[in-house]
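Only one structure is covered here, and it is reproduced in the block below.
Worth knowing before you read on, the calculation uses all heavy atoms, side chains too, and leaves out hydrogens, waters and symmetry mates.
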Amino acid sequence: MSTALSPQSRAALLGELDGLSVDVLVVGGGVTGAGVALDAAQRGLSVLLVEAVDLAAGTSSKSTKLIHGGLRYLEQRDFPLVREALTERGRMVATLCPHLVRPLPFLFPLAKGVVERGYVGAGVALYDGLAVTGGDKLPRHHHLGRKAAIERFPDLRPDVLTGAVQFWDAQVDDARHTLAVARTAAKYGARILTGARVVEFVRTQAGSIAGAVVELAAPSAASADETQPGERVRVSSRVVINATGAWSERTERLAGQTSLSVTASKGVHLVVPGDRIRGKVALITKTATSVLFVIPFGRNWLIGTTDTAYDGDLDQPSALAADVDYLLGEANRWLTCELTRADIIGVFSGLRPLIADNRASSTTKLSREHLTTRPFPGLVTIAGGKYTTYRVMAAD
């Protein structure tokens, strides 16, 4: 089977689309939807994945670009989630996609001496221990004094720093990885169609979901596609998988009711030129409300992230001036280079689809566990979760 995902392959698929019947119709072309398509196709099921915009157009291209267990979730005592994610990290680095996921050293800078070092060191030791039990083989952590920490990250402020703990996680180009998962699904026979928005569910006389009506976007100039903008086609399926992330509730409403409540948490990242910060490793540190990352990515640095509830336009989450000022302020607490808005060459915002919990006081307290529900016969929704655990979500 071909892994090509092109205007030509799209045109060929459109030729057989109207009246098509498949085992599994996946709605959503992020990493979870692509993972579901791959998992189902490998099990011998016929699969069609439809995505309203493009692969990884939403959250899966706007993450912090990490494959990690989530060190901060240890404070929430979510040990099973961290171990699960670290197990997946190990599989991706060692076996599944070592060409896409690479180990990345981190410094956790310390400012308060022995007590803080003991607390952070114990947490990182537990992090390493959970990784080992899951079969992960990345290097283990070690402690650094002030001088050694500054050698690894020269732009750390010596007047604040007392030392650091170095540990390892992994980095990925999220959009490229999602595309690779989708192409692998295509290799196993899954049909992948972008520019195709589900606007209605098809029902049987008994009321079960048995497919969807898909509205097609305008063809590109390079395509042989002869469809018209807004043209609708009907696809039948034994089951529909709603893997639309932050848009899960919106998709479920097409069936008449929702089975879960998804809270969108906005994560903003700044992009700064590589020569603006002197450092050989990544940084991670706690803030009053979340975690700050300063991460080398290609020729630039990523600074993120915010974690705030968002109730605006899901299709266009934008960074506010307060988001930018917050990230610059938190970074400058640790950096001598004193970043300003003039240093920023890019900003991107993504939405985490978190399962709502009325007991949580903020989005930082919401679990990153995923949830699978069946609101109607024939319709399954999967939401929540982490990029790193997409494969576990797909298997569920």
Side-chain angles (χ1 to χ4, degrees), residues 25-36 49-65 174-175 178 182 193-201 212-218 230 240-269 290 304-324 346-358 360 362-373 375 379-387 390 393:
L25 172 61
V26 182
V27 185
V31 72
T32 302
V36 170
L49 180 151
V50 294
E51 158 58 40
V53 184
D54 203 352
L55 295 170
T59 305
S60 293
S61 61
K62 300 174 180 67
S63 74
T64 311
K65 322 298 182 188
D174 48 7
T178 299
L193 182 63
T194 58
R197 183 185 302 276
V198 170
V199 294
E200 181 183 340
F201 286 124
V213 175
V214 179
E215 184 176 270
L216 303 175
V240 176
I241 309 293
N242 172 17
T244 54
W247 294 262
S248 295
E249 285 189 81
R250 179 192 293 180
T251 303
E252 280 194 347
R253 287 193 191 101
L254 296 175
Q257 70 181 50
T258 59
S259 63
L260 47 73
S261 178
V262 175
T263 294
S265 168
K266 185 175 70 171
V268 175
H269 296 79
S290 185
T305 176
T306 60
D307 191 344
T308 54
Y310 178 79
D311 59 3
D313 183 357
L314 296 178
D315 296 329
Q316 295 187 5
S318 57
L320 303 178
D323 298 322
V324 174
V347 181
F348 62 92
S349 304
L351 298 177
R352 306 175 189 89
L354 306 180
I355 306 302
D357 183 345
N358 292 333
S362 69
T363 55
T364 61
K365 303 295 184 183
L366 290 177
S367 172
R368 268 53 176 177
E369 295 278 2
H370 68 271
L371 180 66
T372 302
T373 66
L379 176 63
V380 175
T381 294
I382 184 162
K386 288 165 49 64
Y387 190 108
Y390 83 92
M393 295 170 67

Shortest non-hydrogen contact between [X] and [Y], atoms and distance:
X      : Y      : value
Pro353 : Gly245 : CB-C, 3.4 Å
His269 : Lys62  : CE1-O, 3.9 Å
Ser349 : Pro317 : CB-O, 3.3 Å
Leu193 : Leu216 : CD2-CD2, 4.1 Å
Asp174 : Ser61  : OD2-C, 3.3 Å
Thr32  : Ala243 : CG2-CB, 4.3 Å

Exercise. Does the side chain of Thr194 pick up a donor-acceptor pair with the side chain of Glu51 at under 3.5 Å?
Worked result: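 Side chains of Thr194 and Glu51: no pair found under 3.5 Å.
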
Is the side chain of [X] donor-acceptor paired with the backbone N or O of [Y] at a distance under 3.5 Å, no angle test?
X      : Y      : result
Ser63  : Ser60  : no
Thr59  : Gly350 : no
Glu200 : Val213 : no
Asn242 : Ser248 : yes
Thr306 : Val268 : yes

Exercise. Is it true that Lys266 and Asp307 make a salt bridge, defined as a side-chain N closer than 4.0 Å to a carboxylate O?
Worked result: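 A salt bridge is absent here (no side-chain N lies under 4.0 Å from a carboxylate O).
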
Exercise. Under 4.0 Å between a Lys/Arg side-chain N and an Asp/Glu carboxylate O for Asp315 and Arg250?
Worked result: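 Salt bridge between Asp315 and Arg250, a charged N being under 4.0 Å from a carboxylate O: yes.
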
Answer whether the closest heavy-atom distance between the side chains of [X] and [Y] falls below 4.5 Å.
X      : Y      : result
Val199 : Val214 : no
Arg253 : Thr258 : yes
Glu369 : Leu354 : no

Exercise. Which value, rounded to the nearest 0.5 Å, describes the distance between Leu379 atom CG and Ser259 atom OG?
Worked result: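 The CG atom of Leu379 sits 7.5 Å away from the OG atom of Ser259.
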
Exercise. Just how far is it from atom CG of Leu25 to atom CD1 of Ile241, taken to the nearest 0.5 Å?
Worked result: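 With rounding to 0.5 Å, CG (Leu25) is 9.0 Å from CD1 (Ile241).
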
For this session: Go through the structure and list residues passing side chain to side chain donor-acceptor pair (under 3.5 Å) with Tyr387, not counting sequence neighbours.
Result: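 With neighbours one apart ignored, the set is His177, Thr178.
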
